[in-house]
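Residue numbering restarts at 1 for every chain, and letters A, B, ... go by the order of the sequence lines.
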Amino acid sequence: MKFKACVGETDYEIVVTRLDADYVVTIDGVEHIVDARKLEADFYSILYEGKSYEVSVESVGAKYLVRHGAYEQIVELADASRGGREELRKRSGPESIDSVMPGKVVRVLVEPGTEVQAGQGLVVIEAMKMENEIGAPRAGRVKSVDVKPGQNVETGAQLVVLE
Amino acid sequence: MKFKACVGETDYEIVVTRLDADYVVTIDGVEHIVDARKLEADFYSILYEGKSYEVSVESVGAKYLVRHGAYEQIVELADASRGGREELRKRSGPESIDSVMPGKVVRVLVEPGTEVQAGQGLVVIEAMKMENEIGAPRAGRVKSVDVKPGQNVETGAQLVVLE
Amino acid sequence: MAAPFRKLLIANRGEIAVRVIRACHEMGIRTVAVYSEADRDALHVRFAHEAYLIGPPPSSESYLRIDKILDVAKRSGAEAIHPGYGFLSENDEFSRACRDAGVVFVGPPPEAMEAMGDKVRSRELMMKAGVAVVPGSPPLTDAGEAVAYAEKIGYPVLLKASAGGGGKGMRVVRTSAELPSLLAQAQGEARSSFGDATVFLEKYVDRPRHIEVQILADAHGNCIHLGERECSIQRRHQKLIEESPSPVIDAATRAEIGAMAVKAAMACGYVSAGTVEMLRGANGSFYFMEMNTRLQVEHPVTEMVYGVDLVKAMIEIAAGAKLPWTQNQIVPRGHAIECRIIAEDPSRNFMPAPGTIRALRGPGGPGVRYDGGVYGGFTVPVHYDPMLAKLITWGADRDEAAARMTRALDELRVDGVKTSIAFHHRVMTHPAFLAGDLHTGFLEEHPELLSPGTDPWLSEVAVLAAAVAHFRRSEQLSLRGTKSGTSGGSSGWKRGARDGWRP
Amino acid sequence: MAAPFRKLLIANRGEIAVRVIRACHEMGIRTVAVYSEADRDALHVRFAHEAYLIGPPPSSESYLRIDKILDVAKRSGAEAIHPGYGFLSENDEFSRACRDAGVVFVGPPPEAMEAMGDKVRSRELMMKAGVAVVPGSPPLTDAGEAVAYAEKIGYPVLLKASAGGGGKGMRVVRTSAELPSLLAQAQGEARSSFGDATVFLEKYVDRPRHIEVQILADAHGNCIHLGERECSIQRRHQKLIEESPSPVIDAATRAEIGAMAVKAAMACGYVSAGTVEMLRGANGSFYFMEMNTRLQVEHPVTEMVYGVDLVKAMIEIAAGAKLPWTQNQIVPRGHAIECRIIAEDPSRNFMPAPGTIRALRGPGGPGVRYDGGVYGGFTVPVHYDPMLAKLITWGADRDEAAARMTRALDELRVDGVKTSIAFHHRVMTHPAFLAGDLHTGFLEEHPELLSPGTDPWLSEVAVLAAAVAHFRRSEQLSLRGTKSGTSGGSSGWKRGARDGWRP
């Protein structure tokens, strides 16, 4: 099986095959014999080249969040037949700003048409007894505001759309 | 749902129904509202009559091994339409003595035809670096010996049959 | 030794409720938990001997309901109530209601609580007792008055809630322009957190260390201190990492500030465990900040260094016991550090990250104490504090305690929610932390601590792990595909059923 | 402080391998694990930085293979090897092979190990040094000779393996009739455990307490003791529960037996951590039993009471460091108890109970140390020692340590295999244990400790829990039944497929 991996700004060509109980993972032509044991859901013990790692691997679509002890790394994977990084990155048009936590909307700081700067506050959500300002990830114009003060929202709820 | 429960020498008549998220468990006519939450496989948090218990409940056929902290209790359950204790207890004829652990047979102390007393050693199995004598649960005559010294056995392997 | 009470109710939740339950069980006291609808599966409910539902998730309808809690105490026959920290722990009305209901409140008498709980009154009391305080204002009525006081004291100034604690309703103000909006924010937070919008101003001491002294007083006039804790590493004025002793306090200073704390406690007729919080300026001068009339989150570091169980001591004192120690029997050994493991995302300015904990593994081995309030499978409610657990390590010296914490953080695994674990790991290995160069602006000074570092070697491991996981997932998907493929798929059956075909 | 080694190999498995790995990681030393085919998923493999397979499950083909272990040390670049306890830890040949291979052995020099490792030689050495020993025989050649010595010493006598430890090859003999068969058993066990069938006889002291003294010696001629441990609660001559201090040893006696232990260690040129085991007769007299030239399983109780990390001390000493303490800097505080959590069934005479651990929850909170070697989901191999974990508690006094242990045992949950948890719980609340009335026949004297007690109240809970579980299971079964019923069953589809029907 072939695919592409992106870590930060770096791309890798990956080939994975099985070898008995192990995996052979080739990264940019360099072969690694990986003894990976799935010990729990999303949790592996990995031995390779004498080194031992406990890693948790959570996937969200094509993104894998890999944690080893106190370190974490996001690895994006894409089918090698498609465009790799380009495919992973292509995003344009209006951007939905979603709540990253469940909570209660306490204030809405913008209205449709407001021009905002990157980092400017859009909505304030109270969760875990704290008020948290959700800011604009980039400059733009508010296309719609989809919540009202006092409203309870879940994680992923659309708060505002930027265009 | 109706059934009988036996704990040690005591029998109980049990009726269980659901009441919203709770259970109504009637023991010998006395009703208990039980808030039982299954938190893991075979593990419950139980609240009833103000008391809180964490219990693990492992079932082996009609037997339930219930543990709460350092206490444990075996509860046998049987369909009320059948004979209860009598049904649970009816066992006769030859008895298979099975290994309670995986290990290696180091010595066989009896042969077919040997008359044994309750507690008398039948087979010695080495496991976890210790020699363990498997004794006769009751007096009887050895019908067959099903293992040989040097043989590896798994838990549940038939060692000897008593009649 | 007979148990001081037969049964005790814990008017709290989370790790501190579990902490109090543990002390009670060791003392042979039966425990009564109370819980909101959001906490049916919480650890304190599971660990207590008894548990009673007291209302819907919002604290105002459950953990802050004095009537409901006293009703449970009555129904269950609890003889005493431990309030933990937060919620009703510094509410003198609750303490009085317990007294009126004939239930022992495990904490100070309401009069001492009232005197010390109001920051304005406690400052006045301290000034009278001759203890140094930070220059400040009386309670503020409007923005104009606030600007006037701020200019008199000199910027930067700190807005603080009169009734508050834990950083709620606190704001640093650096210019008069931002004062009105920050004042409104502080008042709003004070109102929603404490039901009292009163705030006041204080001189903001630059590069201050947060140093606090633990005291224990009995009802017989005896009071001792158990040295200091340093709690300078904070976000939003809330502590993240605490330690005992402070790297900058020597034995002579300890005796001096300890005596000051005892004097403060005695001045208000204090009984039980309490904490006198001070700011230590860069020049070594100490200012009284406030007295917390309750058990502190960070009490374990003192327990590990002094070999004393503060919760048990509070319970014995509440039952009328005399302090079993004199000041000179209280001897420190080694060093302890606590990290508060919170469900927040440090790289997003400590934004709360509630959710379901998929898996949790606690650390073990020598010198490690783990006080948890959650478990794998538990959904962290959005209604309460984001603290999941406290990890405390002890070492023969500060270096060993920090190295042990680093090791324990490597072992601690909380999957499913964002936590501060990796952040704590970075702090424990940071040169400024290891040098003991701390102040309350530590994180602003070292913003690199907020973001995960990169390690080219670990990138390789991450790629390998993701690749294997991806491969396994694809294998499973294609396995399912193959199965349904060879069997002709389920659609054949469905069609057959729809067509009324039966064998 | 620079790490004493860059990389260290741990020639062991289970909890002690994890313990050594933890010490190394705190010291900044990279760790190398070795594992047999049965241990791919073991915790020590997961925790170490590096891990190498050294052979099939039997110890003789893996953990006892000096050649393979030294080969891994060479390949991985490990500069030192810690042997843990058991396996090769008291094998002077291994110590020598390390020396020859230029790898530092973290333990005593082979000469001291050899002198103390052979029980017959060590007795001779002790007698020469003027330390009291239990009357005994030279190595026995046959049953006739054994009977003669036994009659000379007087029954009861104890058969012991010359090369052994941990109760392997030990038998109490009470009459001459049973001596020949017990001798054969002891010899057989000695051969299979240590590769050496040599056994000898000793006077069996009645109602003795097992008291042992921890010593630490450096290579510069300094040697100190860290007080005693009492390890009287045993089954099959293997310790189950240990504590420090002993409830019957006062400061003067401690100083006396401590000095005796230091003398014993100095007599053989000892370096590293070691333990001098003694029997204390009911009359208060002490007899030297043996010196264990390695880290003991029960070392944590000493660590908690003295605030010292013995594993780190061993590693520093192996790297040539001087002892950082003099005798008078070694001061005990409080009391610590250890329970060995084993996969055995106490109600079946401690029969081994290997299997798969379905779920495991470690205890937490103040004064609790948990040193585990397993985890939920792990299958305990049948090839090795049945110890799963050690639970250690500290208290300001013995009562508090025992109450805390009881509480921690309530929290510890190991599902899926039989364990000693409930047994330990019964011991911790038993009047004879709480009175400190211990001797090595404690379990024979109190056989009620081996069986679970009954509690009518808990029977009700058990019935309720079983009833709910049974009801849920039936519900699920009937739910499945209903589903397939309403859909007409899969048989229709199967027939359709078989008939070649396609949509």
* Asked: For the candidates D:Pro352, D:Ala353, D:Ala422, which exhibits the highest count of non-hydrogen atom pairs separated by less than 4.5 Å from chain B?
  -> D:Pro352
* Asked: Which bit of D:Asp385 is near chain B, if near means a heavy-atom gap under 4.5 Å: side chain, backbone, both or neither?
  -> backbone
* Structure fact -> So CZ of B:Phe3 and NE2 of D:His470: to nearest 0.5 Å the spacing works out to 5.0 Å
* Asked: Quick one: CD on D:Glu460 to OH on B:Tyr53, what's the gap to the nearest 0.5 Å?
  -> 8.0 Å
* Asked: Crowded around D:Glu178 CD? As in, over 12 foreign heavy atoms under 6.0 Å?
  -> yes
* Side chain, backbone, both or neither: which part of B:Ala36 has a non-hydrogen atom closer than 4.5 Å to chain D? -> side chain
* **Pick from D:Asp415, D:Leu412, D:Asp410 with the largest number of heavy-atom pairs that fall under 4.5 Å of chain B** => D:Asp415
* Asked: Heavy-atom distance under 4.5 Å to chain D: side chain of B:Arg18, backbone, both or neither?
  -> both
* Greatest number of heavy atom pairs closer than 4.5 Å to chain D - which of B:Gln73, B:Glu126, B:Glu58 -> B:Glu58
* Carboxylate-amine/guanidinium contact B:Glu40 D:Arg413, below 4.0 Å -> yes
* Using non-hydrogen atoms only, which part of D:Glu344 is less than 4.5 Å away from chain B: side chain, backbone, both, or neither? -> side chain
* Closest approach of D:Val382 and B:Ala127, non-hydrogen atoms and distance? -> CG2-CB, 3.6 Å
* By a 4.5 Å heavy-atom criterion (distance strictly below it), what part of D:Thr406 contacts chain B: side chain, backbone, both, or neither? -> neither
* Structure fact -> One option among B:Ser59, B:Gly69, B:Gly103, B:Pro102 has the most heavy-atom pairs under 4.5 Å with chain D, and it is B:Pro102
* Asked: Can you say whether D:Phe471 sits under 4.5 Å from chain B via the side chain, the backbone, both, or neither, judging by heavy atoms?
  -> both
* Looking at NZ of D:Lys418 and CD of B:Glu72, how far apart are the two atoms once the value is rounded to the nearest 0.5 Å? -> 5.0 Å
* Asked: For chain B, which of D:Pro381, D:Pro452, D:Gly355, D:Pro354 has the most heavy-atom pairs under 4.5 Å?
  -> D:Pro354
* Matching residue for D:Val463 among B:Val25, B:Thr10, B:Asp28, B:Ile27 - test: side chain to side chain contact (heavy atoms under 4.5 Å, CB included) -> B:Ile27
* Asked: Crowded around B:Gln158 CD? As in, over 12 foreign heavy atoms under 6.0 Å?
  -> yes
* To do: Check step by step if side chain to side chain contact (heavy atoms under 4.5 Å, CB included) holds for B:Val55 and D:Val461.
  => CA-CA 9 Å; B:Val55 288; D:Val461 179; 4.1 Å; yes
* Is there side-chain contact between B:His68 and D:Leu458, with heavy atoms separated by less than 4.5 Å? -> yes
* **side chain to side chain contact (heavy atoms under 4.5 Å, CB included) evaluation trace for D:Glu475 with B:Met1** => CA-CA 10 Å; D:Glu475 251 187 359; B:Met1 187 184 181; over 6 Å; no
* **Toward chain D, the part of B:Val57 with a non-hydrogen atom under 4.5 Å** => side chain
* Within 45° cone of B:Phe43 ring axis and under 6.0 Å: D:Arg361 NZ or CZ -> no
* chain B contact via D:His383 - which portion, at a heavy-atom distance below 4.5 Å -> backbone
* Contact origin within B:Lys51 toward chain D - heavy atom pairs under 4.5 Å -> side chain
* Asked: Between CD1 of B:Ile33 and CG of D:Leu464, what distance do you get to the nearest 0.5 Å?
  -> 11.0 Å
